[in-house]
Every structure is written in C-alpha cells, then in structure tokens.
Amino acid sequence: MSKKFAIFGNPVSHSKSPNMHNDAFRFIGCDAVYKKHLLNDGESIAKEFLKHGYSGANITVPFKEIAFKKADEVRGIGLKIKAVNTYINEDGKIIAYNTDAPGFLKAIQDFKDVKNVLILGAGGTAKAASIALYEVGKSVYVLNRSKEKLSFFEAWDIKCYSHDDFEISDFDLVVNATSAGLDNDDLPFIKENLEPVLKNAKYAYDCIYGKMTPFLKLAQKNGCEIKDGTDMLLYQGVLAFELFVGKRADEELIGIMRRALEKV
Ligand code: NDP
C-alpha cells in the first residue's frame with residue numbers, strides 16, 4: 001500500500017507542496033502519495049494526522065503554532081520557535097520539526113559577510129528567520145508594525161522596534177517577513193524610513209515567492225542584491241522530504257523539486 005503524506009492548511013488549494021513532494025517520491029521510486037488536506041479546526045490536527053494514516057505531513061498557515069502544541073515530541077529548532085511545519089509518524093507518535101528556519105538559512109547562503117540583519121515582521125516566518133539567524137551568531141533586529149508580537153523576540157534579547165520607534169541604522173541584510181506585498185502593493189514600512197536602510201544594505205530577501213514585490217523593487221532601486229522566497233519554500237520542502245524518507249537529498253533530486261515548484 002502507498003504511504004500517505006499531506007499538507008495541512010486553510011486555505012491549502014494554492015499549495016505547491018504536493019507538486020514538489022509527489023515528483024520527488026516518483027524520482028526516488030518511493031510508492032507514496034502527497035495530498036492537500038484542508039483543515040477547519042486546528043485543534044484536531046493530531047487526530048486527523050493519525051486517523052488518515054499519514055506517514056508524514058507539512059503544516060502551513062494558520063496551524064504551525066497549534067501543530068507545535070499538539071505534537072507528542074518536538075525536535076530541533078522548532079522547540080525554540082514554538083511553531084512547526086513538519087510532522088513525522090514514528091510508530092504512532094507524532095514527532096514535529098521546523099524546517100522553515102534551516103530552509104531560510106539555505107536560501108540566503110549566497111549572501112556573504114552578513115553580520116547585521118533587520119527582519120521586518122513578527123509573525124511565524126519572522127520567528128523562524130530570526131531564531132535561525134540568531135543561532136548562527138548574526139546580530140538580529142526586528143521591526144514590526146505593531147508592538148504586540150514583539151515580546152517573543154525580546155525574550156531572546158533581540159533588539160525590537162515598532163513602526164513608531166524605529167531608529168535608522170546600518171544593516172547588511174533586510175528581510176521582508178511580513179505579508180505586505182503578497183496580494184497588494186504595500187511596502188512593509190514607510191518609504192521614507194525604508195529607503196535609507198536599503199541604501200546602506202547589501203542584500204534584501206523577501207519571503208514572499210514568485211513575485212517582484214514593492215519591497216524587492218525598492219531594494220533593487222537602492223542597489224541591493226535581491227532574492228525572493230522561492231528558495232526558502234524549496235529548502236523547507238527538501239528538508240521535510242529528507243525527514244519523510246530518512247535520506248539526504250542530492251542535487252539532482254533538489255533540481256526535480258525546484259522544477260516541480262515552477263509548474264503552474
Ligand atoms: P503572519 O500572519 O504570522 O504575520 C504577518 C506579519 O506581517 C505580521 O508581523 C504583520 O504585522 C505584518 N504585516 C502584514 N501586513 C502588513 C503591512 N501592510 N505592513 C506592515 N506589516 C504588515 O504571517 P507569516 O509569518 O506566516 O507569513 C509572512 C510572509 O511570509 C507571508 O507573505 C508569506 O507568504 C511568507 N511565507 C513564505 C514562506 C516561504 O517558504 N517562502 C513560508 C511561509 C510564509 P502586525 O503584527 O502589525 O499585524
């Protein structure tokens with residue numbers, strides 16, 4: 001019988017994860033199927049995972065935090081982020097991981113000599129990127145529109161700003177981890193303050209993928225090397241796939257997964 005995998009989310013119809021994982025399973029000759037699983041009630045995530053006999057799953061918006069709480073065991077950096085995007089069924093026990101954080105680090109690996117990073121946003125993606133960078137010794141600063149979500153970062157001794165109290169300073173890399181620009185033309189921060197920051201930065205990364213966002217356009221105009229979120233999506237998937245099959249993905253397999261993401 002085929003092994004079953006899924007992505008839990010709401011909405012989930014837009015997800016490209018099934019393309020990526022089904023092509024990868026086919027490529028390595030593994031009899032498995034990966035489907036979209038629309039979940040209405042996050043509280044039921046663990047029960048649904050086990051009831052459907054899934055061997056593994058990914059978790060997307062808005063269930064990463066509840067998935068953390070409902071797992072039997074969390075391993076790795078997910079313990080620090082308190083949110084997970086991957087479940088593995090180990091003999092009926094749910095073992096959870098966060099592959100967004102290491103996926104983000106892989107995505108920015110070509111950005112050299114980065115010491116100071118400004119993260120825009122304070123949601124789940126900002127937490128994954130910030131803790132990943134903090135853990136590899138970068139100086140991390142977080143700027144969010146509102147103050148409410150900053151306490152998580154302050155507990156890590158990360159310098160935090162809200163839009164009202166930001167001090168313009170020098171950063172090597174600026175990361176847009178907000179949803180500004182996702183389905184609108186918003187910048188994540190007022191242009192008057194963002195532009196001087198980008199002018200002094202070397203690199204700009206937008207976690208939003210497949211789109212030249214207003215943030216990336218402004219960064220490019222101000223001389224930054226830019227990159228969108230496609231590689232973060234790819235590498236969180238590659239790292240989850242490695243957990244699904246218990247094997248390292250080689251470059252050929254990563255190429256298959258990358259091409260699967262490019263399919264409409
Ligand atoms: P959350 O809903 O958890 O957080 C959204 C954040 O964006 C909040 O900090 C919010 O600020 C801020 N925000 C929203 N709109 C604006 C705006 N107009 N101006 C300034 N700030 C704004 O979202 P996620 O962390 O889950 O996702 C963030 C982004 O990352 C999304 O665009 C998503 O598509 C992308 N993403 C990419 C992935 C990849 O693999 N490449 C993986 C996961 C997400 P406030 O607190 O004030 O509301």
Side-chain angles (χ1 to χ4, degrees), residues 7-17 19-21 42 58-68 78 81-86 97-109 118-132 141-154 158 160-166 174-194 197 204-216 218 226-241 257-258 260-262:
I7 176 154
F8 288 103
N10 192 348
V12 75
S13 55
H14 66 286
S15 175
K16 291 184 170 187
S17 291
N19 280 2
M20 188 163 51
H21 289 284
N58 289 119
I59 298 109
T60 186
V61 177
F63 300 125
K64 292 181 187 181
E65 271 131 10
I66 189 81
F68 167 84
I81 299 165
K82 301 194 188 318
V84 296
N85 71 325
T86 303
Y97 300 83
N98 185 306
T99 70
D100 287 328
F104 170 76
L105 286 185
K106 287 281 286 178
I108 60 154
Q109 67 189 347
L118 178 65
I119 306 279
L120 307 173
T125 307
K127 285 181 188 171
S130 304
I131 300 304
Y141 301 78
V142 171
L143 167 64
N144 196 44
R145 184 171 57 180
S146 56
K147 282 197 170 78
E148 289 72 33
K149 291 186 191 144
L150 293 175
S151 53
F152 170 88
F153 304 90
E154 283 160 350
I158 288 173
C160 294
Y161 306 99
S162 72
H163 281 197
D164 299 333
D165 59 19
F166 181 66
V174 184
V175 178
N176 180 27
T178 76
S179 35
L182 182 63
D183 46 21
N184 52 46
D185 287 328
D186 291 350
L187 279 170
F189 191 29
I190 51 168
K191 193 175 169 193
E192 292 75 3
N193 284 348
L194 193 52
V197 169
Y205 189 85
D206 203 322
C207 297
I208 295 171
Y209 52 85
K211 187 175 175 189
M212 187 67 174
T213 59
F215 169 76
L216 287 184
L218 189 66
I226 60 166
K227 199 167 177 192
D228 82 348
T230 306
D231 273 7
M232 181 177 176
L233 178 67
L234 171 68
Y235 286 113
Q236 65 74 29
V238 168
L239 295 165
F241 190 78
M257 295 178 82
R258 183 185 291 282
L261 280 184
E262 286 160 5

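Counting starts at 1 for both ligands and their atoms, in listed order. For the single chain, residues carry numbers from 1 onward in sequence order.
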Only one of T99, N58, T60 forms a side chain to side chain donor-acceptor pair (under 3.5 Å) with N85, so which one is it?
T99
Could you pull out the closest heavy-atom pair between [X] and [Y], with the gap in Å?
{"X": "V142", "Y": "G121", "value": "CG1-O, 3.4 Å"}
{"X": "A83", "Y": "N98", "value": "O-ND2, 3.0 Å"}
{"X": "S162", "Y": "S146", "value": "CB-C, 4.4 Å"}

Suppose we measure from [atom] to each protein heavy atom; which comes out shortest, and what is that distance?
{"atom": "atom 24 (P) of ligand 1", "value": "T125 OG1, 3.3 Å"}
{"atom": "atom 1 (P) of ligand 1", "value": "G123 CA, 4.0 Å"}
{"atom": "atom 8 (C) of ligand 1", "value": "K149 NZ, 3.7 Å"}
{"atom": "atom 47 (O) of ligand 1", "value": "S146 OG, 2.8 Å"}
{"atom": "atom 20 (C) of ligand 1", "value": "P188 O, 3.2 Å"}
{"atom": "atom 16 (C) of ligand 1", "value": "R145 NH1, 3.3 Å"}
{"atom": "atom 31 (C) of ligand 1", "value": "T178 O, 3.9 Å"}

Please classify the [X] to ligand 1 contact at 4.0 Å (heavy-atom distances, strictly less than): side chain, backbone, both or neither.
{"X": "D186", "value": "side chain"}
{"X": "A177", "value": "backbone"}
{"X": "S179", "value": "both"}

Taking the six-membered ring of F152 as reference, does the NZ or CZ atom of K127 fall below 6.0 Å from its centre and within a 45° cone about the axis?
yes
For [X] and ligand 1, does the shortest N/O to N/O distance drop below 3.5 Å?
{"X": "G124", "value": "yes"}
{"X": "C207", "value": "yes"}
{"X": "A122", "value": "yes"}
{"X": "T230", "value": "no"}
{"X": "D100", "value": "no"}
{"X": "N144", "value": "yes"}
{"X": "L233", "value": "yes"}
{"X": "G229", "value": "yes"}
{"X": "K64", "value": "no"}

Relative to the heavy atoms of [X], which atoms of ligand 1 are at a distance of less than 4.0 Å?
{"X": "G121", "value": "9 (O)"}
{"X": "Y209", "value": "41 (N)"}
{"X": "I208", "value": "32 (O)"}

Between [atom1] of [X] and [atom2] of [Y], what distance do you get to the nearest 0.5 Å?
{"X": "M257", "Y": "N19", "atom1": "CE", "atom2": "CG", "value": "11.0 Å"}
{"X": "R258", "Y": "M20", "atom1": "CZ", "atom2": "CE", "value": "11.0 Å"}
{"X": "N193", "Y": "H163", "atom1": "CG", "atom2": "NE2", "value": "9.0 Å"}
{"X": "L233", "Y": "S15", "atom1": "CG", "atom2": "OG", "value": "7.5 Å"}
{"X": "T178", "Y": "L187", "atom1": "OG1", "atom2": "CG", "value": "9.5 Å"}

Can D206 and T213 be counted as having a side-chain donor-acceptor contact under 3.5 angstrom?
yes
Check whether any protein heavy atom sits under 4.0 Å from [atom].
{"atom": "atom 27 (O) of ligand 1", "answer": "yes"}
{"atom": "atom 33 (C) of ligand 1", "answer": "no"}
{"atom": "atom 41 (N) of ligand 1", "answer": "yes"}

Would you say I81 and K64 make side-chain contact, with heavy atoms under 4.5 Å?
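The answer is no, as the side chains (C-beta and beyond) never meet within the 4.5 Å cut-off.
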With a 4.5 Å cut-off on side-chain heavy atoms, are M212 and D228 touching?
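D228 vs M212: side chains apart.
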Taking the six-membered ring for Trp, are F166 and F189 parallel (under 30°), tilted (30 to 60°) or perpendicular (over 60°)?
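F166 and F189: perpendicular rings.
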I'd like to know if the side chain of K211 and the backbone of L182 have a donor-acceptor N/O pair within less than 3.5 Å.
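It does hold such a pair.
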